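Predicted, not measured: the structure shown is a model, and the values here were computed from it.
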Amino acid sequence: MKKENVNEIEVKEVEVINAEMMQEEIDRKTAELEKCLKVLEFKKELSKNRKTFIQTLDQLQNAEDCLAQEPGFDSEQYKMKFVEAGYRENEVFSLGNRDIIMEFIQFIRVRIHRKIEEIETQLIG
């Protein structure tokens with residue numbers, strides 16, 4: 001009888017040890033999955049930003065094409081406005097010079113291309 005009690009105790013101890021080991025494995029896998037989910041969410045946000053930048057590049061290209069066809073000093077279709085931040089966004093000043101606007105567009109396009117490259121590097125890595 002004593003030997004059976006000892007065997008039962010040993011079996012229960014083994015079951016407890018196995019359960020603890022399984023729980024540790026589950027916890028480790030859960031932590032790995034949570035880490036992967038954080039990386040995925042980060043990359044999802046990067047992808048969204050990349051898409052926004054690409055759409056902006058298209059809009060800038062369209063604006064530049066229109067500006068290139070306009071004659072004269074000031075643009076009839078485009079102005080760059082500087083406004084005060086806030087609810088009403090009061091205009092501080094604006095620029096209508098076609099050449100300055102085109103230079104600004106070209107500058108911004110280069111910066112956006114660089115940012116897209118950075119994002120793509122992060123997405124691949």
Taking distance alone, no hydrogens or angles, what donor-acceptor pairs closer than 3.5 Å link side-chain atoms of residues 56-67 to residues at least two apart or in another chain?
residue, atom, partner, partner atom, Å
T56, OG1, T52, O, 2.9
Q61, OE1, R109, NH1, 3.2
Q61, OE1, R109, NH2, 3.2
Q61, NE2, D65, OD1, 2.8
N62, ND2, D58, O, 3.4
E64, OE1, R109, NH1, 2.1
E64, OE2, Q106, NE2, 2.8

I100 reachable from V83 in the ILVMFWY side-chain graph, under 4.5 Å edges:
no

Can you name the side chain to side chain donor-acceptor pair (under 3.5 Å) partners of S94, sequence neighbours left out?
E91

Which residues satisfy the side chain to side chain donor-acceptor pair (under 3.5 Å) test with E45, sequence neighbours excluded?
none

Taking ILVMFWY side chains as joined if any heavy atoms are under 4.5 angstrom apart, and letting links pass through other members, which residues group with M22?
none

Going by salt bridge (Lys or Arg N to Asp or Glu O under 4.0 Å), name the pairs with one or both residues in residues 114-125, residues two or more places apart or in two chains.
R50-E120, K115-E118

Quick one: name the residues clustered hydrophobically with F73, using the 4.5 Å side-chain heavy-atom rule over I, L, V, M, F, W, Y, and just say none if it's on its own.
none

Residues clustering with V110 (ILVMFWY side chains joined when closer than 4.5 Å, directly or via others):
none

Under the ring pair (Phe, Tyr, Trp, His ring centres under 6.0 Å) test, residues paired with Y87 that sit two or more places apart
none

Less than 4.0 Å between a side-chain N and a carboxylate O, is that true for R28 and E25?
yes

Which pairs with one or both residues in residues 66-83 pass side-chain hydrogen bond (donor to acceptor under 3.5 Å, both in side chains), sequence neighbours excluded?
E70-S75

What residues, two or more places apart in sequence or in another chain, satisfy side chain to side chain donor-acceptor pair (under 3.5 Å) together with E84?
none

Check whether F82 and I101 end up in the same hydrophobic cluster, where Ile, Leu, Val, Met, Phe, Trp and Tyr are linked by side-chain heavy atoms less than 4.5 Å apart.
yes

In terms of hydrophobic clusters joined by side-chain contacts under 4.5 Å, are M80 and F93 together?
yes

Applying side chain to side chain donor-acceptor pair (under 3.5 Å), can you list everything that pairs with E34, at least two apart in sequence or on another chain?
none

Is there any ring-ring contact (aromatic ring centres under 6.0 Å, His included) pair reaching into residues 99-125, and which pairs are they, with sequence neighbours excluded?
none

